[in-house]
Protein chains: 2
Amino acid sequence: MKIFYLCSQKLNALMEGEHNLARLIREGNLRYLPHLSLDCVIFGFHEGQLKVLLLKMKHKSDWSLPGGFVAHTETLEQAADRVLNERTGLSGIFLKQFHVFSDLSRSDIPQTLSELRRDGIEAKVGDWLAQRYISVGFYALVSFSKVVPRADMLSDACEWRDLSDVGKLILDHNQILGKALETMRLQLNYQPIGYNLLPPSFTMPELQRLYEAILGKKLDRRNFQRRMLGFGILRRLPERKAGGAHKAPYLYEFDHEAYKRALLEGLHGGW
Amino acid sequence: MKIFYLCSQKLNALMEGEHNLARLIREGNLRYLPHLSLDCVIFGFHEGQLKVLLLKMKHKSDWSLPGGFVAHTETLEQAADRVLNERTGLSGIFLKQFHVFSDLSRSDIPQTLSELRRDGIEAKVGDWLAQRYISVGFYALVSFSKVVPRADMLSDACEWRDLSDVGKLILDHNQILGKALETMRLQLNYQPIGYNLLPPSFTMPELQRLYEAILGKKLDRRNFQRRMLGFGILRRLPERKAGGAHKAPYLYEFDHEAYKRALLEGLHGGW
DNA sequence: AATCATTGTGTCAATTTGACACAATAGTAC
DNA sequence: GTACTATTGTGTCAAATTGACACAATGATT
């Protein structure tokens with residue numbers, strides 16, 4: 001039990017030495033729950049495109065989703081929030097767990113070992129990292145412009161990628177991404193979306209392009225507006241958006257109270 | 001790694017001795033992933049009432065949801081299916097993971113230890129069971145009449161309970177049950193339900209009472225029928241149900257092909 | 001001033017939904 | 001057997017929602 005209560009800062013310092021990876025493997029079990037990881041699908045929206053934040057792993061050609069482990073003193077949600085914060089600088093963002101991935105084939109232990117050895121790190125089966133992992137998938141919707149992508153000690157790049165240009169990811173991360181997208185599309189049917197994805201005020205066409213990007217299909221401009229306004233979660237501002245090359249559209253903002261209520265109660269309910 | 005490949009039958013035998021619980025605590029880590037459990041909310045339907053299968057834990061006044069652990073060689077889904085099978089005798093049933101529960105307060109280790117000691121079992125912090133658990137919630141919909149409830153080695157009763165008469169459950173199991181119900185209600189909006197909950201053939205009023213039990217509210221008889229038939233997943237049989245005290249209703253069965261398609265593609269889709 | 005892409009606001013028919021009426025049927029009471 | 005009752009099968013109809021589309025207004029560009 002003692003290990004649960006080890007000073008968090010001390011462990012932090014522990015992890016920040018020269019041989020970060022080697023230390024994680026030796027001492028990860030002091031801080032984190034074994035066999036359990038989480039992966040975050042972080043969506044952003046920019047120039048009409050839905051984006052995903054990806055990491056380029058050291059010494060690997062494939063990219064991966066940002067992920068992490070769950071400390072003995074954290075809930076899953078806290079751990080996911082921490083991971084999100086470490087990669088983006090943001091915190092307190094809408095973050096939703098959507099599936100747990102537990103296939104036996106998702107942890108390729110022999111390959112992990114050989115990769116570690118290539119890095120000159122001693123590790124044997126059952127060591128931290130060289131074990132089976134069960135991963136909880138989270139997805140987040142964040143404001144593209146507020147994010148400052150940051151790589152971690154296991155990766156040497158952290159970048160936005162167009163959803164249509166993701167390519168092959170490590171392990172089952174393509175599957176995780178697919179499931180996140182599927183879940184979000186379903187969610188769109190009974191929950192509002194966009195609060196963290198768009199700037200504080202936005203135009204109706206901008207909101208529509210977001211929905212189109214998520215759904216992957218075109219929507220009718222006028223019917224979209226009628227429906228969105230019908231939800232009663234938008235407030236039209238007196239100003240119009242200036243600078244565009246055409247007729248200036250109105251600006252809208254979310255009615256936070258109504259938005260939160262819609263998140264809890266759903267939008268139309270079905271039955 | 002060796003432990004992963006230990007003959008499963010051997011371990012089975014290991015667990016079936018006199019001091020099952022003591023052995024589980026000593027040797028559970030050989031078979032199962034540490035810190036990870038799962039809980040199943042098993043719904044049934046009988047006499048117009050939605051039921052949940054509950055276990056009465058030994059030496060405890062509170063009841064609990066059937067749960068279990070994940071073997072090193074199992075996926076979560078396989079483990080959940082096994083748990084369901086052990087309590088009901090059924091297998092291959094629709095089983096859906098709906099949330100992971102990871103609050104720090106959900107594992108009361110001091111209390112677990114004192115309960116074990118009351119049973120005359122030696123255990124210390126960090127031992128199997130006397131550790132933090134993160135639990136994956138699954139829910140299942142099963143045919144009430146096909147189930148033969150069976151207690152396990154940690155419990156001395158396994159019974160159906162009316163959803164309205166569940167009472168206080170151990171730990172956060174009331175919360176888990178609530179979340180399962182909430183998830184199932186949402187699911188009702190875009191997926192068919194009832195295949196495993198009802199007998200092979202059933203009447204429209206029976207199906208309606210199932211929906212009413214899940215949603216917790218009355219529905220209009222005629223609109224319900226119109227909508228259900230509109231989904232195109234039902235086939236009306238030539239026979240009618242005899243024996244009732246009133247006009248004999250038609251019998252229906254699910255069109256398995258259409259049902260599966262509806263499960264995958266959703267019922268109306270929203271956008 | 002004409003052009004052009006884009007936005008604001010409707011309209012209208014088709015479809016879906018919600019509320020309700022009425023006839024048919026199978027037991028029950030007499 | 002006949003009346004009664006509760007329940008089922010089938011529709012109807014108005015209201016609300018949805019999908020498809022038209023037209024005027026605006027703001028930069030030429």
Exercise. Let me know the distance between CG of Leu207(A) and C1' of dT6(C), rounded to the nearest Å.
Key: 17 Å
Quiz item: Within this structure, what is the NZ-to-P distance between Lys217(A) and dG19(D), rounded to whole angstrom?
Solution: 9 Å
Self-check item: Salt bridge present between Glu74(B) and Arg82(B) (N-O < 4.0 angstrom)
Solution: yes
Self-check item: Options dA20(D), dT7(C), dG11(D), nucleotide nearest the side-chain atoms of Arg222(B)
Solution: dG11(D)
Quiz item: Any idea which of dT18(D), dC20(C), dA6(D) is nearest the His246(B) side chain?
Solution: dA6(D)
Exercise. Choose from dT11(C), dG8(C), dT7(D) the nucleotide whose nearest atom is closest to any side-chain atom of Gln225(A).
Key: dG8(C)
Quiz item: Given atom CG of Leu219(A) and atom C1' of dT18(D), what is their separation to the nearest angstrom?
Solution: 13 Å
Self-check item: Nucleotide dT16(C), atom P - distance to CG of Leu267(B) in whole Å
Solution: 14 Å
Quiz item: Going by modelled atom types, is there a donor-acceptor pair between the base of dT6(C) and the side chain of Lys247(A) at under 3.5 Å?
Solution: no
Exercise. Ignoring the backbone of Asn223(B), work out which of dT7(C), dA19(C), dT8(D) is nearest its side chain.
Key: dA19(C)
Self-check item: Rounded interatomic separation in angstrom, taking CG from Asp220(A) and C1' from dT7(C)
Solution: 13 Å
Quiz item: Just wondering, more than 12 heavy atoms not from Lys168(B) lying within 6.0 Å of its NZ?
Solution: yes
Exercise. With DNA chain C as reference, determine whether Tyr252(A) or Arg240(B) sits nearer its 5' end, using the nearest nucleotide of each.
Key: Tyr252(A)
Practice problem: Would you tell me if any nitrogen or oxygen in the side chain of Arg236(B) comes within less than 4.0 Å of OP1 or OP2 on dT10(D)? | Solution: yes
Quiz item: What's the closest nucleotide to the Arg221(B) side chain, out of dT6(C), dA21(C), dT9(C)?
Solution: dA21(C)
Exercise. When you get a sec, tell me which of dT7(C), dG8(C), dG9(D) is the closest nucleotide to the side chain of Pro205(A)?
Key: dT7(C)
Quiz prompt | Neighbour count above 12 (heavy atom, 6.0 Å) for Tyr195(B) OH | solution = no
Quiz prompt | Heavy-atom neighbours of Arg150(B) CZ exceed 12 at 6.0 Å | solution = no
